[in-house]
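All chains are named by letter (A, B, ...) in the order of the sequence lines, taking the proteins before the strands, and each is independently numbered beginning at 1.
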Number of protein chains: 2
Amino acid sequence: MNPDALDATFAALADPTRRAILARLRSGEATVTELAAPFAMSQPAISKHLKVLERAGLVSRGRDAQRRPCRLEPAALKAATDWLADYREFWEVRYQGLDSLLHDIQSLGGDER
Amino acid sequence: MNPDALDATFAALADPTRRAILARLRSGEATVTELAAPFAMSQPAISKHLKVLERAGLVSRGRDAQRRPCRLEPAALKAATDWLADYREFWEVRYQGLDSLLHDIQSLGGDER
DNA sequence: TAGTTAAATAACCACTTAGTTTTATACACG
DNA sequence: CGTGTATAAAACTAAGTGGTTATTTAACTA
């Protein structure tokens with residue numbers, strides 16, 4: 001994956017308001033005002049957050065009269081997860097206290113990822 | 001997980017230099033100068049990046065005479081992955097074009113996570 | 001046409017970030 | 001002791017972020 005895209009994705013996730021917006025979008029499309037409602041924050045602030053999420057590829061938007069419904073776009077989330085997956089075996093091994101076996105396991109290529 | 005901790009973790013990951021440092025640390029401990037070597041950047045800049053990674057709980061540091069060896073601390077990476085895992089089933093379903101089944105699957109709680 | 005609603009844009013502010021250079025600290029070695 | 005080495009800290013700068021209020025655009029409604 002393009003490093004700039006990962007930058008944008010992780011940066012977008014590094015904000016609790018934006019993570020809450022994504023969580024909300026898991027249960028379906030929502031308009032900007034619907035998304036803004038739970039927050040003690042102005043509408044333009046939410047629009048800015050949405051622009052960040054859109055630029056990161058995490059949401060996309062449609063058109064319904066005046067409304068611009070947002071929906072979750074999970075591909076970028078998958079890309080971030082894929083990046084993190086490269087570390088998964090590391091911490092799993094480490095949690096078993098088997099650091100010394102890490103390289104053996106890696107060279108065998110024997111996990112299910 | 002504490003939201004501030006997730007903030008710090010994702011923010012730390014949103015920088016290619018820091019991700020490269022983490023990748024380097026996968027193959028074992030390294031000193032600040034060793035970590036700085038591949039980058040066209042001053043030593044204090046790397047020290048700052050390491051402080052960000054340390055504050056995010058992604059690395060910890062020891063002491064060996066003048067050296068402050070850094071090692072990967074995978075717990076924070078695991079926490080970030082766990083957060084993203086809540087979205088995994090969503091995109092997996094979506095990729096199969098089975099959006100309409102998402103809520104059924106969720107309410108059954110029937111995946112292996 | 002005028003009024004209302006939904007959202008974006010503009011202009012601004014305080015704070016943070018990522019880098020710099022310079023200086024200081026801590027330790028090892030002769 | 002003084003010198004080199006490894007790292008951190010200080011002070012600064014340019015650019016980015018996250019919020020505000022006020023304004024504008026676009027579309028529906030009466």
Side-chain angles (χ1 to χ4, degrees), chain A residues 3-25 28-73 76, chain B residues 3-25 28-73 76:
Chain A
D4 289 2
L6 262 188
D7 288 5
T9 301
F10 282 128
L13 294 176
D15 182 283
T17 302
R18 288 192 292 261
R19 288 198 304 276
I21 288 173
L22 293 178
R24 164 65 183 79
L25 291 178
E29 288 195 359
T31 67
V32 176
T33 30
E34 284 166 357
L35 291 171
F39 300 103
M41 202 178 294
S42 66
Q43 168 263 314
I46 300 295
S47 280
K48 280 192 181 183
H49 281 303
L50 288 172
K51 198 186 291 186
V52 172
L53 289 168
E54 199 177 8
R55 200 173 53 87
L58 287 162
V59 312
S60 63
R61 349 199 29 183
R63 169 75 76 175
D64 167 29
Q66 312 101 314
R67 266 137 267 143
R68 303 289 313 278
C70 302
R71 62 181 151 281
L72 194 52
E73 210 58 64
Chain B
D4 289 3
L6 261 189
D7 288 4
T9 301
F10 282 128
L13 293 176
D15 182 285
T17 301
R18 289 193 290 262
R19 287 197 305 276
I21 288 173
L22 292 178
R24 164 66 184 78
L25 290 177
E29 287 195 0
T31 68
V32 176
T33 30
E34 283 167 357
L35 291 171
F39 299 103
M41 202 180 293
S42 66
Q43 168 263 312
I46 299 296
S47 279
K48 281 191 181 184
H49 281 302
L50 288 172
K51 196 186 293 188
V52 172
L53 290 168
E54 199 177 9
R55 198 171 56 85
L58 288 163
V59 312
S60 63
R61 346 196 35 181
R63 169 74 78 173
D64 168 28
Q66 311 102 312
R67 265 136 268 144
R68 303 288 314 277
C70 302
R71 63 179 152 285
L72 195 52
E73 210 60 63

Stems with DNA chain C, 3 or more Watson-Crick or G-U pairs in a row (under 3.5 Å), are C:1-30 with D:1-30
So do the side chains of L53(A) and E73(A) get within less than 4.5 Å of each other, counting heavy atoms only? no
Comparing A65(A) with R68(B), nearest DNA chain D nucleotide closer to 5' gives the residue R68(B)
Using a 4.5 Å cut-off on heavy atoms from C-beta on, say whether the side chain of S47(B) contacts that of K51(B). no
Taking R18(A) for the side chain and A11(A) for the main chain, is one N or O donor matched with an acceptor at less than 3.5 Å? yes
L22(B) and L13(B), any side-chain heavy atoms less than 4.5 Å apart: yes
Touch check for R63(B), heavy atoms < 4.0 angstrom, all strands: base, sugar-phosphate only, or nothing? nothing
Quick check: closest heavy atoms across P38(B) and E34(B), and the distance to 0.1 Å? CD-O, 3.6 Å
For the pair made of CD1 in I21(A) and C1' in dA7(C), what is the distance, rounded to whole Å? 14 Å
Is there a donor-acceptor contact under 3.5 Å from the side chain of R68(A) to the main chain of G62(A)? yes
Could you encode protein contacts along nucleotides 12-25 of chain C as a string, one character per nucleotide from 5' to 3', using B for base contact, S for sugar-phosphate-only contact and - for no contact, with a heavy-atom cut-off of under 4.0 Å? ------SBBBB---
Where chain A begins and ends its contact with DNA chain D, read 5' to 3' at 4.0 Å from heavy atoms: dG18(D) to dC28(D)
In short, R61(B) meets V32(B) closest at the heavy-atom pair NH2-CG2, 3.2 Å
Quick one: is S47(A) getting a side-chain N or O under 4.0 Å of the dA7(C) phosphate, OP1 or OP2? no
So which atom in A8(B) and which in A56(B) form the shortest heavy-atom distance, rounded to 0.1 Å? O-CB, 3.5 Å
Taking all heavy atoms of V59(B) and all of L25(B), pick out the closest pair and write down the distance. CG1-CD1, 3.7 Å
Residues T33(B), R67(B); criterion side-chain contact (heavy atoms from CB on, under 4.5 Å); working and verdict: CA-CA 9 Å; T33(B) 30; R67(B) 265 136 268 144; 5.6 Å; no
